[in-house]
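Let me begin by presenting the structure, written as C-alpha coordinates, before commenting on it.
Index from 1, following the sequence.
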Amino acid sequence: MTPVDTSVVSHRLTAQQRKAIVAGAVGNTVEWVDWAVYATFAPVFAGHFFAGGNDTTALLSTLAVFAVGFVMRPVGGAVLGAYADRKGRKKGLTLTISLMAGASIVIALCPTYASIGVLAPIVLLLARLVQGFSAGGEFGSSSAFLIESAAPGRRAFAGSWQQVSVGLGSLLAALMGTILNSTLSDADLHGWGWRLAFGLAGLLGLVGLWLRVSVHETEAFSKISAKPRRNPVVAMLRDHPKAALRVAGVTIAGTLIYYVWVSYMPAYAHLATGIPLKTALLANTLAMVVFIVLLPFGGLLSDRLGRKATMTMFAAGFVVFAWPAFHFLGNSFWSVFVIELIGLVLIVGYSANCAVIMAEQFPPEVRTTGIGLPYALAVAIFGGTAPYVTTWLNANHLGNLVWVYVAAAALIGVAVYLTMPETKGKEL
(Lines give C-alpha, C1' and ligand atoms only; values in the text may rest on other atoms or scores of the structure.)
Protein backbone atom coordinates (compact mmCIF):
# COMPACT_ATOMS: atom_id res chain seq x y z
CA MET A 1 0.00 0.00 0.00
CA THR A 2 1.27 3.47 -0.81
CA PRO A 3 2.54 5.09 2.38
CA VAL A 4 0.85 8.19 3.70
CA ASP A 5 2.96 11.30 3.30
CA THR A 6 3.10 13.04 6.66
CA SER A 7 5.21 15.97 5.46
CA VAL A 8 3.87 19.46 4.95
CA VAL A 9 1.73 19.56 1.82
CA SER A 10 0.62 22.43 -0.34
CA HIS A 11 -2.61 24.14 0.63
CA ARG A 12 -2.53 26.77 -2.12
CA LEU A 13 -4.28 26.37 -5.44
CA THR A 14 -2.53 27.72 -8.52
CA ALA A 15 -4.42 29.69 -11.15
CA GLN A 16 -4.42 26.64 -13.44
CA GLN A 17 -5.77 24.43 -10.64
CA ARG A 18 -8.54 26.93 -9.88
CA LYS A 19 -9.47 27.04 -13.58
CA ALA A 20 -9.58 23.25 -13.72
CA ILE A 21 -11.81 23.04 -10.62
CA VAL A 22 -14.18 25.71 -12.00
CA ALA A 23 -14.34 23.95 -15.38
CA GLY A 24 -14.97 20.59 -13.72
CA ALA A 25 -17.64 21.94 -11.39
CA VAL A 26 -19.48 24.04 -14.00
CA GLY A 27 -19.39 21.21 -16.51
CA ASN A 28 -20.74 18.80 -13.91
CA THR A 29 -23.50 21.27 -12.99
CA VAL A 30 -24.58 21.40 -16.63
CA GLU A 31 -24.42 17.61 -16.85
CA TRP A 32 -26.84 17.28 -13.92
CA VAL A 33 -29.18 19.96 -15.23
CA ASP A 34 -29.60 17.75 -18.30
CA TRP A 35 -30.15 14.69 -16.07
CA ALA A 36 -32.63 16.36 -13.70
CA VAL A 37 -34.74 18.25 -16.27
CA TYR A 38 -36.33 14.93 -17.31
CA ALA A 39 -37.86 14.33 -13.88
CA THR A 40 -38.85 17.99 -13.56
CA PHE A 41 -40.90 18.00 -16.77
CA ALA A 42 -42.04 14.33 -16.90
CA PRO A 43 -45.67 15.19 -15.96
CA VAL A 44 -45.75 17.76 -18.79
CA PHE A 45 -44.41 15.77 -21.73
CA ALA A 46 -45.58 12.25 -20.74
CA GLY A 47 -48.71 12.36 -22.89
CA HIS A 48 -46.71 13.26 -25.99
CA PHE A 49 -44.76 9.99 -25.96
CA PHE A 50 -47.23 7.39 -24.70
CA ALA A 51 -50.71 6.64 -26.03
CA GLY A 52 -53.75 5.43 -24.15
CA GLY A 53 -55.56 8.60 -23.22
CA ASN A 54 -54.77 8.15 -19.53
CA ASP A 55 -52.49 10.78 -17.99
CA THR A 56 -51.54 8.58 -15.05
CA THR A 57 -50.55 5.65 -17.27
CA ALA A 58 -48.51 7.95 -19.51
CA LEU A 59 -46.72 9.46 -16.51
CA LEU A 60 -45.95 6.03 -15.05
CA SER A 61 -44.53 4.92 -18.39
CA THR A 62 -42.38 8.05 -18.54
CA LEU A 63 -41.12 7.49 -14.99
CA ALA A 64 -40.35 3.86 -15.87
CA VAL A 65 -38.08 5.17 -18.62
CA PHE A 66 -36.49 7.44 -15.99
CA ALA A 67 -35.83 4.42 -13.76
CA VAL A 68 -34.29 2.46 -16.64
CA GLY A 69 -31.70 5.21 -16.93
CA PHE A 70 -30.35 4.14 -13.52
CA VAL A 71 -29.72 0.63 -14.88
CA MET A 72 -27.22 2.09 -17.33
CA ARG A 73 -25.22 3.94 -14.68
CA PRO A 74 -23.03 0.96 -13.65
CA VAL A 75 -22.48 0.20 -17.36
CA GLY A 76 -21.40 3.78 -17.94
CA GLY A 77 -19.21 3.66 -14.83
CA ALA A 78 -17.36 0.64 -16.25
CA VAL A 79 -17.15 1.57 -19.94
CA LEU A 80 -16.62 5.33 -19.67
CA GLY A 81 -14.43 4.89 -16.59
CA ALA A 82 -12.16 2.57 -18.56
CA TYR A 83 -12.13 5.08 -21.43
CA ALA A 84 -11.03 7.90 -19.08
CA ASP A 85 -8.35 5.67 -17.55
CA ARG A 86 -7.00 4.88 -21.01
CA LYS A 87 -7.48 8.15 -22.89
CA GLY A 88 -7.45 10.71 -20.08
CA ARG A 89 -9.80 12.54 -17.76
CA LYS A 90 -10.27 15.42 -20.19
CA LYS A 91 -11.40 13.15 -23.03
CA GLY A 92 -13.64 11.21 -20.66
CA LEU A 93 -15.34 14.39 -19.45
CA THR A 94 -15.84 15.81 -22.93
CA LEU A 95 -17.43 12.51 -24.01
CA THR A 96 -19.83 12.29 -21.06
CA ILE A 97 -21.12 15.86 -21.45
CA SER A 98 -21.45 15.43 -25.23
CA LEU A 99 -23.58 12.31 -24.73
CA MET A 100 -25.76 13.93 -22.05
CA ALA A 101 -26.34 17.18 -23.96
CA GLY A 102 -26.88 15.39 -27.27
CA ALA A 103 -29.55 13.17 -25.72
CA SER A 104 -31.34 16.26 -24.32
CA ILE A 105 -31.44 17.84 -27.75
CA VAL A 106 -32.80 14.59 -29.24
CA ILE A 107 -35.64 14.61 -26.69
CA ALA A 108 -36.32 18.29 -27.39
CA LEU A 109 -36.66 17.62 -31.14
CA CYS A 110 -38.32 14.20 -31.07
CA PRO A 111 -41.76 14.05 -32.78
CA THR A 112 -44.68 12.93 -30.62
CA TYR A 113 -46.55 9.63 -30.56
CA ALA A 114 -49.28 11.23 -32.64
CA SER A 115 -46.73 11.90 -35.40
CA ILE A 116 -44.51 8.80 -35.51
CA GLY A 117 -46.32 6.27 -33.32
CA VAL A 118 -44.32 3.77 -31.29
CA LEU A 119 -41.03 5.24 -32.52
CA ALA A 120 -41.57 8.19 -30.16
CA PRO A 121 -41.28 6.21 -26.87
CA ILE A 122 -38.44 4.18 -28.40
CA VAL A 123 -36.47 7.35 -29.12
CA LEU A 124 -37.23 8.63 -25.61
CA LEU A 125 -36.04 5.34 -24.10
CA LEU A 126 -32.82 5.31 -26.14
CA ALA A 127 -32.08 8.93 -25.26
CA ARG A 128 -32.60 8.24 -21.56
CA LEU A 129 -30.38 5.14 -21.74
CA VAL A 130 -27.64 7.32 -23.22
CA GLN A 131 -28.12 9.82 -20.39
CA GLY A 132 -27.92 7.08 -17.77
CA PHE A 133 -24.77 5.74 -19.46
CA SER A 134 -23.29 9.24 -19.40
CA ALA A 135 -24.22 9.87 -15.76
CA GLY A 136 -22.53 6.61 -14.79
CA GLY A 137 -19.27 7.76 -16.33
CA GLU A 138 -19.53 11.34 -15.11
CA PHE A 139 -19.06 10.73 -11.38
CA GLY A 140 -15.81 8.79 -11.74
CA SER A 141 -14.38 11.07 -14.42
CA SER A 142 -15.27 14.34 -12.70
CA SER A 143 -14.13 13.09 -9.28
CA ALA A 144 -10.76 11.91 -10.60
CA PHE A 145 -10.31 15.14 -12.57
CA LEU A 146 -11.12 17.42 -9.62
CA ILE A 147 -8.97 15.52 -7.11
CA GLU A 148 -6.01 15.21 -9.47
CA SER A 149 -6.26 18.92 -10.33
CA ALA A 150 -6.05 20.04 -6.69
CA ALA A 151 -3.16 20.99 -4.44
CA PRO A 152 -2.34 18.03 -2.14
CA GLY A 153 -3.68 19.83 0.93
CA ARG A 154 -6.91 20.89 -0.79
CA ARG A 155 -8.07 17.63 -2.33
CA ALA A 156 -11.25 17.27 -0.23
CA PHE A 157 -12.11 20.93 -0.88
CA ALA A 158 -11.75 20.35 -4.64
CA GLY A 159 -13.70 17.09 -4.48
CA SER A 160 -16.54 18.73 -2.58
CA TRP A 161 -17.33 20.76 -5.68
CA GLN A 162 -18.40 17.55 -7.40
CA GLN A 163 -21.35 17.34 -5.02
CA VAL A 164 -21.89 21.12 -5.05
CA SER A 165 -22.36 20.91 -8.80
CA VAL A 166 -24.76 17.96 -8.53
CA GLY A 167 -26.92 19.94 -6.11
CA LEU A 168 -26.75 23.08 -8.22
CA GLY A 169 -27.74 21.11 -11.32
CA SER A 170 -30.84 19.75 -9.62
CA LEU A 171 -31.77 23.19 -8.25
CA LEU A 172 -31.31 24.83 -11.66
CA ALA A 173 -33.56 22.22 -13.27
CA ALA A 174 -36.20 22.87 -10.60
CA LEU A 175 -35.80 26.64 -11.10
CA MET A 176 -36.24 26.19 -14.85
CA GLY A 177 -39.47 24.33 -14.16
CA THR A 178 -40.70 27.04 -11.81
CA ILE A 179 -39.97 29.84 -14.30
CA LEU A 180 -41.58 28.11 -17.27
CA ASN A 181 -44.62 27.10 -15.20
CA SER A 182 -45.13 30.66 -14.02
CA THR A 183 -44.50 32.47 -17.32
CA LEU A 184 -46.14 30.17 -19.89
CA SER A 185 -49.78 29.27 -20.25
CA ASP A 186 -50.70 25.65 -19.63
CA ALA A 187 -51.23 25.13 -23.38
CA ASP A 188 -47.82 26.60 -24.26
CA LEU A 189 -46.05 24.64 -21.53
CA HIS A 190 -47.52 21.37 -22.77
CA GLY A 191 -47.18 22.34 -26.41
CA TRP A 192 -43.58 23.58 -26.66
CA GLY A 193 -42.41 24.77 -23.23
CA TRP A 194 -41.03 21.40 -22.23
CA ARG A 195 -39.11 21.23 -25.51
CA LEU A 196 -37.58 24.62 -24.67
CA ALA A 197 -36.38 23.20 -21.33
CA PHE A 198 -34.64 20.24 -22.95
CA GLY A 199 -33.24 22.49 -25.68
CA LEU A 200 -31.80 24.93 -23.15
CA ALA A 201 -30.30 22.06 -21.17
CA GLY A 202 -28.67 20.77 -24.35
CA LEU A 203 -27.28 24.19 -25.24
CA LEU A 204 -25.90 24.59 -21.72
CA GLY A 205 -24.09 21.34 -22.41
CA LEU A 206 -22.19 23.08 -25.20
CA VAL A 207 -20.98 25.65 -22.68
CA GLY A 208 -19.80 22.86 -20.39
CA LEU A 209 -18.12 21.15 -23.35
CA TRP A 210 -16.25 24.35 -24.24
CA LEU A 211 -15.02 24.70 -20.64
CA ARG A 212 -13.83 21.12 -20.53
CA VAL A 213 -12.03 21.35 -23.86
CA SER A 214 -10.18 24.45 -22.62
CA VAL A 215 -8.47 22.84 -19.60
CA HIS A 216 -5.28 20.80 -19.46
CA GLU A 217 -5.06 17.10 -18.73
CA THR A 218 -4.23 16.29 -15.11
CA GLU A 219 -0.60 15.78 -14.17
CA ALA A 220 -1.35 12.43 -12.50
CA PHE A 221 -2.70 10.98 -15.75
CA SER A 222 0.00 12.59 -17.92
CA LYS A 223 2.68 10.79 -15.90
CA ILE A 224 1.25 7.35 -16.70
CA SER A 225 -0.26 8.04 -20.15
CA ALA A 226 2.63 6.47 -22.06
CA LYS A 227 2.79 3.29 -19.96
CA PRO A 228 1.23 0.09 -21.36
CA ARG A 229 -1.85 -0.86 -19.36
CA ARG A 230 -4.30 -3.73 -19.09
CA ASN A 231 -8.04 -3.33 -19.29
CA PRO A 232 -8.79 -0.97 -16.38
CA VAL A 233 -11.90 -2.91 -15.29
CA VAL A 234 -9.95 -6.19 -15.09
CA ALA A 235 -7.02 -4.48 -13.40
CA MET A 236 -9.26 -2.80 -10.85
CA LEU A 237 -11.09 -6.02 -9.93
CA ARG A 238 -7.95 -8.17 -9.89
CA ASP A 239 -5.45 -5.84 -8.24
CA HIS A 240 -7.65 -3.63 -6.06
CA PRO A 241 -10.66 -5.68 -4.88
CA LYS A 242 -10.49 -4.37 -1.30
CA ALA A 243 -10.42 -0.78 -2.50
CA ALA A 244 -13.42 -1.44 -4.77
CA LEU A 245 -15.36 -3.00 -1.88
CA ARG A 246 -14.37 -0.06 0.31
CA VAL A 247 -15.81 2.39 -2.24
CA ALA A 248 -19.09 0.46 -2.21
CA GLY A 249 -19.04 0.34 1.59
CA VAL A 250 -18.35 4.07 1.88
CA THR A 251 -21.31 4.74 -0.44
CA ILE A 252 -23.98 2.60 1.28
CA ALA A 253 -24.80 4.85 4.24
CA GLY A 254 -24.27 8.09 2.35
CA THR A 255 -26.44 7.36 -0.67
CA LEU A 256 -29.23 5.66 1.30
CA ILE A 257 -29.55 8.44 3.87
CA TYR A 258 -29.20 11.16 1.24
CA TYR A 259 -32.07 9.73 -0.81
CA VAL A 260 -34.25 9.31 2.29
CA TRP A 261 -33.62 12.88 3.41
CA VAL A 262 -33.87 14.61 0.03
CA SER A 263 -36.33 12.44 -1.92
CA TYR A 264 -38.50 10.86 0.78
CA MET A 265 -38.67 13.23 3.76
CA PRO A 266 -41.04 15.84 2.20
CA ALA A 267 -43.53 13.15 1.16
CA TYR A 268 -43.21 11.40 4.53
CA ALA A 269 -43.84 14.65 6.39
CA HIS A 270 -46.92 15.27 4.21
CA LEU A 271 -48.34 11.79 4.83
CA ALA A 272 -47.41 11.52 8.51
CA THR A 273 -48.31 15.02 9.73
CA GLY A 274 -50.69 16.41 7.11
CA ILE A 275 -48.45 19.36 6.26
CA PRO A 276 -49.10 20.58 2.68
CA LEU A 277 -46.66 18.95 0.29
CA LYS A 278 -45.60 22.29 -1.22
CA THR A 279 -44.66 23.55 2.27
CA ALA A 280 -42.59 20.44 2.97
CA LEU A 281 -40.89 20.77 -0.44
CA LEU A 282 -40.08 24.42 0.26
CA ALA A 283 -38.44 23.45 3.56
CA ASN A 284 -36.50 20.74 1.72
CA THR A 285 -35.33 23.16 -0.99
CA LEU A 286 -34.16 25.83 1.47
CA ALA A 287 -32.29 23.22 3.52
CA MET A 288 -30.65 22.01 0.29
CA VAL A 289 -29.41 25.54 -0.43
CA VAL A 290 -27.71 25.65 2.98
CA PHE A 291 -26.30 22.15 2.37
CA ILE A 292 -24.75 23.21 -0.95
CA VAL A 293 -23.19 26.31 0.62
CA LEU A 294 -21.66 24.23 3.44
CA LEU A 295 -20.12 21.53 1.22
CA PRO A 296 -16.83 23.33 0.43
CA PHE A 297 -16.40 24.10 4.14
CA GLY A 298 -16.91 20.41 4.85
CA GLY A 299 -14.11 19.71 2.37
CA LEU A 300 -11.82 22.19 4.14
CA LEU A 301 -12.62 20.50 7.47
CA SER A 302 -11.70 17.12 5.98
CA ASP A 303 -8.43 18.52 4.66
CA ARG A 304 -7.64 19.64 8.22
CA LEU A 305 -9.02 16.79 10.39
CA GLY A 306 -8.89 13.85 7.97
CA ARG A 307 -11.39 11.69 6.11
CA LYS A 308 -12.16 9.19 8.89
CA ALA A 309 -13.07 11.81 11.48
CA THR A 310 -15.48 13.78 9.30
CA MET A 311 -17.11 10.70 7.78
CA THR A 312 -17.56 9.09 11.20
CA MET A 313 -19.17 12.27 12.54
CA PHE A 314 -21.75 12.01 9.73
CA ALA A 315 -22.63 8.37 10.39
CA ALA A 316 -22.53 8.55 14.20
CA GLY A 317 -24.66 11.67 14.06
CA PHE A 318 -27.40 9.78 12.24
CA VAL A 319 -27.24 6.86 14.67
CA VAL A 320 -28.22 9.39 17.35
CA PHE A 321 -30.48 11.63 15.24
CA ALA A 322 -32.56 9.06 13.32
CA TRP A 323 -35.14 8.39 16.03
CA PRO A 324 -35.78 12.01 17.16
CA ALA A 325 -35.91 13.17 13.53
CA PHE A 326 -38.92 11.00 12.74
CA HIS A 327 -40.42 11.09 16.24
CA PHE A 328 -40.56 14.88 16.62
CA LEU A 329 -41.45 15.74 13.02
CA GLY A 330 -44.41 18.13 13.12
CA ASN A 331 -46.83 19.70 10.66
CA SER A 332 -45.23 23.14 10.59
CA PHE A 333 -42.74 24.59 8.13
CA TRP A 334 -40.15 25.20 10.86
CA SER A 335 -40.38 21.67 12.21
CA VAL A 336 -39.72 20.13 8.80
CA PHE A 337 -37.06 22.72 7.94
CA VAL A 338 -35.08 22.19 11.16
CA ILE A 339 -35.12 18.40 10.82
CA GLU A 340 -34.19 18.60 7.13
CA LEU A 341 -31.44 21.08 7.94
CA ILE A 342 -29.88 19.08 10.78
CA GLY A 343 -29.88 15.96 8.60
CA LEU A 344 -28.33 17.71 5.62
CA VAL A 345 -25.66 19.36 7.79
CA LEU A 346 -24.70 15.87 8.95
CA ILE A 347 -24.72 14.60 5.35
CA VAL A 348 -22.12 17.26 4.50
CA GLY A 349 -19.66 14.94 6.28
CA TYR A 350 -20.31 12.31 3.62
CA SER A 351 -20.91 14.39 0.50
CA ALA A 352 -17.87 16.64 0.98
CA ASN A 353 -15.69 13.54 1.37
CA CYS A 354 -17.01 10.90 -1.00
CA ALA A 355 -15.12 11.98 -4.14
CA VAL A 356 -11.76 12.41 -2.42
CA ILE A 357 -11.97 9.19 -0.39
CA MET A 358 -12.80 7.15 -3.48
CA ALA A 359 -10.08 8.80 -5.58
CA GLU A 360 -7.46 8.18 -2.89
CA GLN A 361 -8.14 4.43 -2.92
CA PHE A 362 -6.68 3.80 -6.39
CA PRO A 363 -3.59 4.51 -8.51
CA PRO A 364 -4.11 6.75 -11.59
CA GLU A 365 -4.28 3.91 -14.13
CA VAL A 366 -7.54 2.53 -12.66
CA ARG A 367 -8.78 5.52 -10.64
CA THR A 368 -11.78 6.54 -12.76
CA THR A 369 -13.00 2.96 -13.14
CA GLY A 370 -12.39 2.26 -9.47
CA ILE A 371 -14.51 5.22 -8.46
CA GLY A 372 -17.25 4.94 -11.06
CA LEU A 373 -18.20 1.25 -11.15
CA PRO A 374 -18.46 0.36 -7.42
CA TYR A 375 -20.10 3.71 -6.69
CA ALA A 376 -22.72 3.30 -9.44
CA LEU A 377 -23.55 -0.24 -8.28
CA ALA A 378 -23.94 0.88 -4.66
CA VAL A 379 -26.12 3.84 -5.67
CA ALA A 380 -28.33 1.62 -7.84
CA ILE A 381 -28.75 -1.02 -5.12
CA PHE A 382 -29.00 1.08 -1.97
CA GLY A 383 -29.77 4.64 -3.06
CA GLY A 384 -32.13 3.77 -5.88
CA THR A 385 -34.18 1.44 -3.67
CA ALA A 386 -34.38 3.76 -0.63
CA PRO A 387 -37.53 5.63 -1.78
CA TYR A 388 -39.22 2.30 -2.61
CA VAL A 389 -38.35 0.70 0.74
CA THR A 390 -39.49 3.72 2.75
CA THR A 391 -42.70 3.99 0.74
CA TRP A 392 -43.37 0.25 1.22
CA LEU A 393 -42.86 0.58 4.98
CA ASN A 394 -45.27 3.50 5.13
CA ALA A 395 -47.87 1.75 2.92
CA ASN A 396 -47.78 -1.29 5.22
CA HIS A 397 -48.28 0.82 8.35
CA LEU A 398 -44.61 0.44 9.31
CA GLY A 399 -43.66 4.06 8.79
CA ASN A 400 -42.60 4.26 12.43
CA LEU A 401 -39.70 1.93 11.54
CA VAL A 402 -38.13 4.16 8.88
CA TRP A 403 -35.80 5.56 11.55
CA VAL A 404 -34.53 2.00 12.16
CA TYR A 405 -33.74 1.69 8.45
CA VAL A 406 -31.77 4.97 8.57
CA ALA A 407 -30.01 4.11 11.84
CA ALA A 408 -29.00 0.66 10.52
CA ALA A 409 -27.43 2.25 7.43
CA ALA A 410 -25.63 4.74 9.68
CA LEU A 411 -24.27 1.92 11.85
CA ILE A 412 -22.87 0.24 8.74
CA GLY A 413 -21.27 3.57 7.89
CA VAL A 414 -19.67 3.86 11.34
CA ALA A 415 -18.18 0.37 10.98
CA VAL A 416 -16.80 1.10 7.50
CA TYR A 417 -15.41 4.54 8.31
CA LEU A 418 -13.71 3.50 11.56
CA THR A 419 -11.97 0.52 9.93
CA MET A 420 -10.87 2.14 6.66
CA PRO A 421 -7.32 3.52 6.41
CA GLU A 422 -6.84 7.29 6.66
CA THR A 423 -5.89 8.62 3.21
CA LYS A 424 -5.40 12.32 3.99
CA GLY A 425 -1.95 13.24 2.66
CA LYS A 426 -1.60 10.04 0.64
CA GLU A 427 0.43 10.49 -2.52
CA LEU A 428 -1.72 10.22 -5.66
Side-chain angles (χ1 to χ4, degrees), residues 19-38 69-108 126-149 161-162 165-166 169 198 201-222 224-225 229 231-236 355 358-359 362 364-377 379:
K19 180 182 178 181
I21 291 171
V22 169
V26 173
N28 200 46
T29 298
V30 170
E31 176 98 0
W32 289 99
V33 169
D34 283 61
W35 174 258
V37 77
Y38 185 102
F70 277 87
V71 176
M72 290 298 292
R73 289 180 69 165
V75 180
V79 176
L80 294 176
Y83 177 81
D85 281 331
R86 285 181 175 275
K87 302 297 183 181
R89 317 313 187 208
K90 179 177 175 178
K91 289 185 177 179
L93 288 170
T94 54
L95 178 57
T96 57
I97 201 166
S98 298
L99 291 170
M100 184 69 79
S104 287
I105 292 173
V106 167
I107 295 173
L126 292 175
R128 196 57 184 175
L129 289 174
V130 169
Q131 289 191 321
F133 182 75
S134 172
E138 174 69 16
F139 181 80
S141 297
S142 61
S143 296
F145 178 81
L146 287 168
I147 303 307
E148 292 176 357
S149 297
W161 287 92
Q162 202 283 334
S165 54
V166 171
F198 279 102
L203 292 176
L204 283 174
L206 297 180
V207 176
L209 178 61
W210 172 74
L211 284 169
R212 289 181 169 184
V213 168
S214 68
V215 297
H216 297 289
E217 182 55 79
T218 67
E219 183 179 349
F221 178 80
S222 298
I224 55 98
S225 59
R229 296 190 297 280
N231 182 291
V233 177
V234 174
M236 183 268 292
M358 295 174 194
F362 302 96
E365 56 268 23
V366 297
R367 181 166 291 138
T368 307
T369 309
I371 299 169
L373 180 55
Y375 172 81
L377 285 170
V379 168

Fill in: Main-chain N/O of Val130 paired to Ser134 side chain as donor or acceptor, under 3.5 Å
no
Discussion item. Apply side-chain contact (heavy atoms from CB on, under 4.5 Å) to residues Val106 and Arg128 and explain how you reach the verdict.
Written reply: CA-CA 10 Å; Val106 167; Arg128 196 57 184 175; over 6 Å; no
Worksheet item: Residues in side-chain contact (heavy atoms from CB on, under 4.5 Å) with Ile105, at least two apart?
Response: Leu109
Worksheet item: If only atom types and distance count, is the side chain of Thr369 paired as donor or acceptor with the main-chain N or O of Gly81 below 3.5 Å?
Response: yes
Worksheet item: Looking at Val366 and Pro232, what are the two nearest heavy atoms and their distance?
Response: CG1-O, 3.8 Å
Discussion item. Given 3.5 Å as the limit, does a donor-acceptor pair link the side chain of Thr29 with the main chain of Gly169, or not?
Written reply: no
Item to complete: Determine whether Phe198 and Tyr38 make a side-chain contact, defined as any pair of heavy atoms from C-beta on separated by less than 4.5 Å.
Response: yes
Worksheet item: Do Ser104 and Gln131 have a side chain donor and acceptor closer than 3.5 Å?
Response: yes
Practice prompt. Sequence neighbours left out, what passes side-chain contact (heavy atoms from CB on, under 4.5 Å) with Ile371? Give chain and number order.
Written response: Phe139, Ser143, Ala144, Met358, Ala359, Arg367
Worksheet item: At their closest point, which heavy atom of Phe221 faces which heavy atom of Ala84, and how far apart are they?
Response: CE1-O, 3.9 Å
Practice prompt. Let me see the working for Ile147 and Gln162 under side-chain contact (heavy atoms from CB on, under 4.5 Å), right down to the final yes or no.
Written response: CA-CA 10 Å; Ile147 303 307; Gln162 202 283 334; over 6 Å; no
Worksheet item: Between the main-chain N or O of Val215 and the side-chain N or O of Lys90, is there a donor-acceptor pair closer than 3.5 Å?
Response: yes
Worksheet, complete the sentence: For Ala201 and Asp34, the nearest pair of non-hydrogen atoms, with its separation, is O-OD1, 2.9 Å
Worksheet item: What closest approach, in Å, do Ser149 and Thr218 show between heavy atoms, and which atom pair accounts for it?
Response: OG-CG2, 3.7 Å
Worksheet item: Which pair of non-hydrogen atoms, one from Trp32 and one from Arg73, has the smallest distance, and what is that distance?
Response: CH2-NH2, 3.6 Å
Worksheet item: If we only count heavy atoms from C-beta on, is the Leu93 to Glu138 side-chain gap below 4.5 Å?
Response: yes
Discussion item. Taking salt bridge (charged side-chain N to carboxylate O under 4.0 Å, His left out) as the definition, give me every residue that meets it alongside Arg89, ordered by chain and number, with sequence neighbours left out.
Written reply: Asp85, Glu148
Worksheet item: How far apart are the closest heavy atoms of Ser142 and Asn28, and which atoms are they?
Response: OG-OD1, 3.9 Å
Worksheet item: Which value, rounded to the nearest 0.5 Å, describes the distance between Phe362 atom CZ and Thr368 atom OG1?
Response: 10.5 Å
